[in-house]
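Below is one structure, written out as structure tokens; comments come after it.
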2 protein chains.
Amino acid sequence: MKNRITCHECKNEKCFVKQGCFGEWLNKISTNKFQHWYKKGDYIFREGEPIYGINFIQQGGVKVVTTSLHGREQIVRLAKEGEILGHRGLGRTAYYFNAVALMDSLLCFVENELFYEACMNCPKFAFNLIFFYASELRRAELRVKYQAQMNIREKVAMAFIYSYEAFGMNPETKMLNISLSRQDIADIAGTTAEQITRQLNDFENEKLIARNKRDIIFLNIKGLEDIVGDYKIE
Amino acid sequence: MKNRITCHECKNEKCFVKQGCFGEWLNKISTNKFQHWYKKGDYIFREGEPIYGINFIQQGGVKVVTTSLHGREQIVRLAKEGEILGHRGLGRTAYYFNAVALMDSLLCFVENELFYEACMNCPKFAFNLIFFYASELRRAELRVKYQAQMNIREKVAMAFIYSYEAFGMNPETKMLNISLSRQDIADIAGTTAEQITRQLNDFENEKLIARNKRDIIFLNIKGLEDIVGDYKIE
DNA sequence: GAAAAAACCTGCGAAAATGCAGGTTTGATT
DNA sequence: AATCAAACCTGCATTTTCGCAGGTTTTTTC
């Protein structure tokens with residue numbers, strides 16, 4: 001709750017709240033929201049926990065991940081500052097997935113009642129939300145197809161493209177703006193950490209990617225996109 | 001447009017329109033909606049076509065399918081009477097998937113403007129829609145995990161469970177209430193038609209399923225659920 | 001900065017899934 | 001009822017993916 005940032009001060013212009021709520025309702029959310037810092041690796045919520053409200057990422061990055069099965073997890077989404085978190089649970093009482101901070105992150109939390117009231121009273125807020133869901137649904141269903149049809153090479157290329165789109169890269173060093181372990185990348189791609197290493201070798205030989213210690217350096221994003229070129233990327 | 005069924009006569013009590021719109025707005029939709037029969041195999045919409053409105057299935061069954069790639073498609077959803085169709089395109093101008101009638105089907109079509117107005121003026125309608133999206137998103141993301149982690153046996157079992165949940169079975173004959181080709185099942189499961197045949201052999205030997213010509217007979221649904229038991233089904 | 005722990009790399013055999021080809025059954029048409 | 005086309009079944013070789021095990025590098029801890 002310390003270092004409190006009001007919605008008016010907040011620089012995330014794409015945040016749903018700033019996009020859809022105005023005047024009285026922006027004030028209400030701004031004064032009634034809770035803020036909390038999570039350290040890298042902290043769980044923001046876990047599957048099965050009760051849902052008291054909804055989160056917005058003020059700073060940082062988060063992975064949404066299924067519970068482990070046969071030793072494997074699946075990363076369902078990467079989210080960064082300005083994005084909403086926990087929206088899958090709307091209308092439900094318990095979370096279905098886990099959310100883990102990928103770096104130190106500051107989250108804004110709005111309780112259910114206030115959120116529902118804002119939906120009812122700010123049509124633009126509700127509408128943006130519906131559009132957002134439609135877009136997320138489309139992307140998730142595309143990913144079903146990717147997992148079903150892509151080979152490992154394509155899946156790994158897609159995992160890097162996805163990470164790049166989610167977090168971007170440092171324009172000078174061309175390094176991915178987040179630290180992902182081989183296992184994290186495997187959990188995005190839907191394969192094993194060993195396969196990620198093997199594909200990294202290939203991509204390095206093809207001058208698509210370089211490695212510096214554990215960091216990924218993007219040499220040729222277009223080249224990666226060409227690998228998955230037959231599939232729709234949006 | 002012939003055989004017109006008004007919303008008041010309609011027996012699909014779970015339809016979003018009947019659940020969320022009342023009085024004046026139910027009348028407006030009822031009188032302004034279009035109805036159209038599609039024959040088995042007809043395309044209801046195709047990827048890339050402009051979106052003029054949204055569909056509700058009055059009778060019949062539909063598959064939503066990605067465009068073919070390397071000779072493979074992916075069935076993204078099965079939908080039957082009472083369900084909404086085309087909601088992925090909200091806020092967009094062109095469809096992202098194809099919808100094909102699996103049997104002769106009657107669809108109700110509501111144009112964009114009327115639909116948007118109803119959203120704005122019937123809060124329950126908009127709210128139900130948001131909850132529906134949240135639920136669909138959750139299910140789609142679970143399917144990403146299934147495609148990434150399940151083996152063929154589990155995927156095929158899941159495809160039968162999904163078909164059963166989507167369309168049900170005849171209580172006397174225990175036959176699936178829809179005719180799906182091996183290729184259709186493969187496109188749900190995310191594998192090839194040959195694998196479906198092979199798994200059908202196994203399931204038949206295990207007395208989980210029987211075959212009558214090309215129809216599937218469910219002998220032991222619990223047994224199928226046990227195969228995917230480690231995975232969350234919801 | 002040394003020691004310990006964690007993450008990463010790589011070769012290889014095993015397992016799983018695929019794709020083809022040829023034969024069989026089913027359903028539609030006349 | 002005969003014919004034809006489509007859908008289905010099945011064996012087998014090939015390809016792809018996996019998972020272990022042991023060694024190496026990087027990061028963390030004290």
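All figures in this text were calculated on a predicted structure; none of them were measured in a lab. Numbers restart at 1 for each chain; the letters A, B, ... are given by sequence-line order, proteins then strands.
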Just the rounded figure in Å: distance from [atom2] of [N] to [atom1] of [X].
X	N	atom1	atom2	value
A:E204	C:dC8	CD	P	15 Å
A:I196	C:dC8	CD1	C1'	12 Å
A:I185	C:dA7	CD1	C1'	12 Å
B:N205	D:dT10	CG	P	10 Å
B:Q199	D:dC8	CD	C1'	16 Å
A:Q195	D:dG19	CD	P	9 Å
B:R182	C:dG27	CZ	C1'	14 Å
A:D202	D:dT16	CG	C1'	14 Å

### Task
On DNA chain C, check which nucleotide each of A:A148 and A:R211 is closest to and give me the residue with the more 5' one.
A:R211
### Query
On DNA chain C, nearest-nucleotide positions of B:E194 versus B:M150: which is more 5'?
B:M150
#### Entry: Charged tip of B:R77 within 45° of B:F97 ring normal and under 6.0 Å
no
### Message
For the backbone of A:G61 and the side chain of A:S105, can you confirm whether one donor and one acceptor N or O come within less than 3.5 Å of each other?
### Response
yes
### Message
Would the distance check show the side chain of A:N170 and the main-chain N or O of A:T173 forming a donor-acceptor pair, the cut-off being under 3.5 Å?
### Response
yes
Whether [X] contacts [N] is assessed here as follows: a side-chain N or O lying under 4.0 Å from the phosphate OP1 or OP2. Is that the case?
X	N	value
A:N201	C:dT10	yes
B:N151	C:dA17	no
A:T191	D:dC18	yes

What's the closest nucleotide to the [X] side chain, out of [options]?
X	options	value
B:R72	C:dT18, C:dC8, C:dT10	C:dT18
B:S181	D:dC8, C:dT10, D:dG19	D:dC8
A:I152	C:dT10, C:dT18, D:dT17	D:dT17

### Task
Kindly assign one of parallel, tilted or perpendicular to the pair A:F109 and A:F34, based on the angle between their ring planes and the thresholds 30° and 60°.
tilted
### Message
Does the plane of the ring in A:Y231 sit parallel, tilted or perpendicular to the ring in A:Y146? Use 30° and 60° as the thresholds.
### Response
perpendicular
### Task
List the steps and the verdict of side chain to side chain contact (heavy atoms under 4.5 Å, CB included) for A:I188 and A:L180.
CA-CA 10 Å; A:I188 298 170; A:L180 295 172; 4.3 Å; yes
### Message
What verdict does the salt bridge (charged side-chain N to carboxylate O under 4.0 Å, His left out) test give for B:R198 and B:D202, after you've listed the backbone C-alpha separation in whole Å, the side-chain angles of each residue and the deciding distance to 0.1 Å?
### Response
CA-CA 7 Å; B:R198 291 188 253 266; B:D202 292 353; over 6 Å; no
### Message
Across nucleotides 25-30 of chain D, 5' to 3', mark each nucleotide with B, S or - according to how protein heavy atoms within less than 4.0 Å reach it.
### Response
-SS---
